[in-house]
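First the structure, in the form of structure tokens, and then the observations on it.
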Amino acid sequence: MDTEIQKFYKNKTLFITGGTGFLGKVIIAKLLLSTDVNRIYMLIRNKRGRELQERIETWGKDPVFNVLLETKPNALDRICPIAGDCLESENLGISEKDRQTLASNVQIVIHSAATVRFDEKLSYALAINVRGTEQMLRIAKTMPHLESFLHISTAFSNCVQLHTEEKFYPDNLTCSAKSVLNLSKQISDELLDNMTSTLMGGYPNTYAYTKGLAENLILDEAGQLPMSVLRPTFIMPAYKEPLPGYIDNFYGPIGYIYGVGMGVLRVALHDVNVRCSFTPVDYSANLALTAIWETAKNPIQSTPKIYNLTPSDNNYILAGKFNYLLRKHGYSYPTTKMIWYPFCHSIATPWLFQLICLFYHTIPGFIIDTGLRFSGRKPRLGNVYKRIHATMLSLSTFLSTFWRFGSVNTNTLWKSLSVEDQRLFNFDLPSLDWDDFTDTSLRGMRTYLAKEPPTAQSLDKALKLLDRYLILHRLLQLFFCSILGYTLWFLYKLF
């Protein structure tokens, strides 16, 4: 028998932006596997030489749909691509014919499209994250059958303050979203980018800033739309669905963890005494679908309801404990592609981080690149470490700040669900087992990012390599300790 949420989605037609992204794919996989939706219209950019439907068909090779296609082989036939681009300034580049199709059929909208790069140019981030949201709101207002509209934001959309409740904070912005959009129409992208620091105020990067602007736009422009906003923290690998440990990107902390596992990242800029702001992707997808159902039940709200999905005060994990779990489980799932023994030192001070990186990253990278040049191969590590250091510096605010988030709406929604819906659409972060989740994530990263076959033979080969690197690592430590000891002895004798 169908649950209440399953009954709601039966024969519904949806329109989703950002469906090719990590969270978007997991939402679609969950919808097609656990509900009987009629059709999912998905905004997709045209790519030269590839038809839209052809791009959808290639999804059958993505592991995220493995379980789905085993049980419902024709499930992807329910996805209908709509040509468009969130960079387009008018109607997301959607044709008049397709807009009429959407207006006539769509009952649910999920706006997930965004650029999530922290160091993105303001002009680009503004175009996608804010103007794209503006255009999506206008399109939604042409849909007479619309029952629910979900905007996916971030828990860091108001990171200029240390405590964020489930409400809008327009006062955090130096000027309104509409003013910034109007300004962007009057000046060049280059001039707008030069004004970034002035416009952002206390925001640490363009991602968080433009997400804050998008929320401000929703507050001003949503009107009578049946709307809600989801604010997850850093989205991590799947815990249970669609596949345990599934991950397809290197964004945020994922790149940090992967870099350590490869033996490339040996120094990290973060405070071990702050809370980790992590959310499994399947929990985010489940809350998204549940919030849509709740909004359709109660469409009349004075302002759109916000749902923060963040670790609770009763079940959070400190960065130091998370590092311990990474070491505990990481050595059980090494990769054959590692270049050195995995280890990492946590540094909380930016200038000290940059100094230590000189010895742990820059100099070793230079030595290895020199060897590659002499052997006729292209040097790699120099540029890799430049990107790593830039990424760590851009993440430093989020890995060294103690934030707290209110979750009254999220907790109330969870408690209102039936036992069946709680099982099927689980987003109960307060009960998450961090130890088991870390183990699952590392296994998934080995399989889906490192592309290692999940076989005993592959793991055994990696474990042997790990043992060899450990011996070399200890010998190198002994060598440098001997040099240090001799230097101190020499100086003692000299004076």
Side-chain angles (χ1 to χ4, degrees), residues 116 118-119 153-169 171-173 200-209 211-212 215 229-236 251-257 260 265 267-280 283-284 287 306-328 344-354 356 389-411 427-435 437-438 441:
V116 298
F118 284 5
D119 58 350
S153 184
T154 172
F156 301 112
S157 57
N158 297 283
C159 61
V160 292
Q161 57 190 54
L162 298 180
H163 187 92
T164 302
E165 296 292 342
E166 293 168 312
K167 64 179 183 179
F168 293 95
Y169 292 92
D171 293 341
N172 285 339
L173 301 168
M200 288 201 310
Y203 279 88
N205 56 56
T206 57
Y207 169 67
Y209 172 60
K211 280 298 195 177
E215 287 191 9
V229 176
L230 171 61
R231 288 181 183 158
T233 50
F234 285 117
I235 296 181
M236 300 289 280
Y251 295 127
I254 299 297
Y256 153 63
I257 299 169
V260 174
L265 180 63
V267 186
L269 178 61
H270 71 93
D271 188 341
V272 297
N273 296 309
V274 302
R275 296 183 184 183
C276 292
S277 299
F278 299 154
T279 304
Y283 281 44
S284 299
L287 177 53
I306 296 173
Y307 297 93
N308 288 342
L309 185 58
T310 61
S312 70
D313 286 343
N314 297 323
N315 186 31
Y316 60 85
I317 184 169
L318 295 179
K321 176 63 178 297
F322 185 66
N323 287 346
Y324 163 76
L325 294 179
L326 289 176
R327 291 191 299 270
K328 173 184 174 182
C344 187
H345 299 298
S346 299
I347 307 296
T349 308
W351 70 264
L352 184 58
F353 165 76
Q354 293 181 336
I356 295 179
H389 297 162
T391 300
M392 291 301 299
L393 289 171
S394 68
L395 279 171
S396 61
T397 299
F398 302 93
L399 300 178
S400 303
T401 305
F402 194 108
W403 274 294
R404 296 184 66 189
F405 303 92
S407 302
V408 173
N409 292 339
T410 300
N411 293 336
F427 57 87
D428 187 25
L429 269 181
S431 66
L432 181 69
D433 184 335
W434 287 105
D435 189 294
F437 172 64
T438 305
S441 296

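Quick note: residue numbers are just sequence positions, from 1.
At least one side-chain heavy atom of Ile347 sits less than 4.5 Å from a side-chain heavy atom of Ile356. At a threshold of 4.5 Å between non-hydrogen side-chain atoms, the residues Thr154 and Tyr207 count as touching. Looking only at side-chain heavy atoms (C-beta outward), Phe398 and Pro253 stay at 4.5 Å or farther from each other. Inter-residue side-chain proximity for Cys159 and Trp403 is flagged as met; some heavy-atom pair is nearer than 4.5 Å. Side-chain contact between Pro311 and Ile317 is absent, with no heavy-atom pair separated by less than 4.5 Å. Annotation: side chain of Arg275 is not in contact with side chain of Thr233 (no heavy-atom distance under 4.5 Å).
Of all heavy-atom pairs between Leu432 and Pro280, the closest is CD2-CG, 4.1 Å. Nearest heavy atom pair, residue Ala155 against residue Phe405, reads O-CE2, 3.2 Å. Of all non-hydrogen atoms in Leu309 and Phe427, the two that sit nearest each other are CD1-O, 3.8 Å. Considering all non-hydrogen atoms of both residues, Ile306 and Arg231 come closest at CD1-NH2, 3.5 Å. Across every non-hydrogen atom of Tyr307 and Leu287, the tightest pair is CB-CD2, 4.2 Å. In plain terms, the two heavy atoms of Ser407 and Thr310 that are nearest each other are OG-OG1, 3.5 Å.
The CG atom of Leu326 sits 9.5 Å away from the SG atom of Cys344 when rounded to the nearest 0.5 Å. With rounding to the nearest 0.5 angstrom, the CG atom of Asp119 is 8.5 Å from the CG atom of Asn205. Between Thr164 atom OG1 and Asn158 atom CG the span is 5.5 Å, to the nearest 0.5 Å. For the atom pair Cys276 SG and Leu318 CG, the distance stands at 7.5 Å (nearest 0.5 Å). Taking OG1 of Thr438 as the start and CE of Met236 as the end, the distance is 7.5 Å to the nearest 0.5 Å. In this structure, Leu265 CG and His389 NE2 are separated by 8.0 Å, a value rounded to the nearest 0.5 Å.
Checked against side chain to side chain donor-acceptor pair (under 3.5 Å), Asn315 has the following partners two or more places apart in sequence or in another chain: Trp434. Shown here are the salt bridge (charged side-chain N to carboxylate O under 4.0 Å, His left out) partners of Lys328, two or more places apart in sequence or in another chain: Asp435. Evaluation of the side chain to side chain donor-acceptor pair (under 3.5 Å) rule for Arg404 yields Asp313 as partners, not counting sequence neighbours. Under the rule for a side chain to side chain donor-acceptor pair (under 3.5 Å), the partners of Glu166 that lie at least two apart in sequence or sit in another chain are Thr410. With sequence neighbours left out, Tyr203 forms a side chain to side chain donor-acceptor pair (under 3.5 Å) with no residue at all. Residues passing the ring-ring contact (aromatic ring centres under 6.0 Å, His included) test with Tyr283, sequence neighbours excluded: none.
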Report task. Applying ring-ring contact (aromatic ring centres under 6.0 Å, His included), run through Phe234 and Phe156 and close with a yes or a no. Result -> CA-CA 9 Å; Phe234 285 117; Phe156 301 112; 5.1 Å; yes

Query - Worked check of side-chain contact (heavy atoms from CB on, under 4.5 Å) between Val274 and Thr401 - result: CA-CA 6 Å; Val274 302; Thr401 305; 5.8 Å; no

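No more than 12 heavy atoms of other residues, nucleotides or ligands lie within 6.0 Å of OH in Tyr251, so this atom counts as exposed by the packing criterion.
Looking at His163 and Glu165, their side chains do bring a donor and an acceptor atom within 3.5 Å of each other.
Aromatic ring centres of Phe322 and Phe278 lie closer together than 6.0 Å.
Judged by distance alone, the side chain of Ser284 and the main-chain N or O of Ile235 form no donor-acceptor pair under 3.5 Å. Asn308 places a side-chain N or O within donor-acceptor distance of the main-chain N or O of Gly406, the cut-off being under 3.5 Å.
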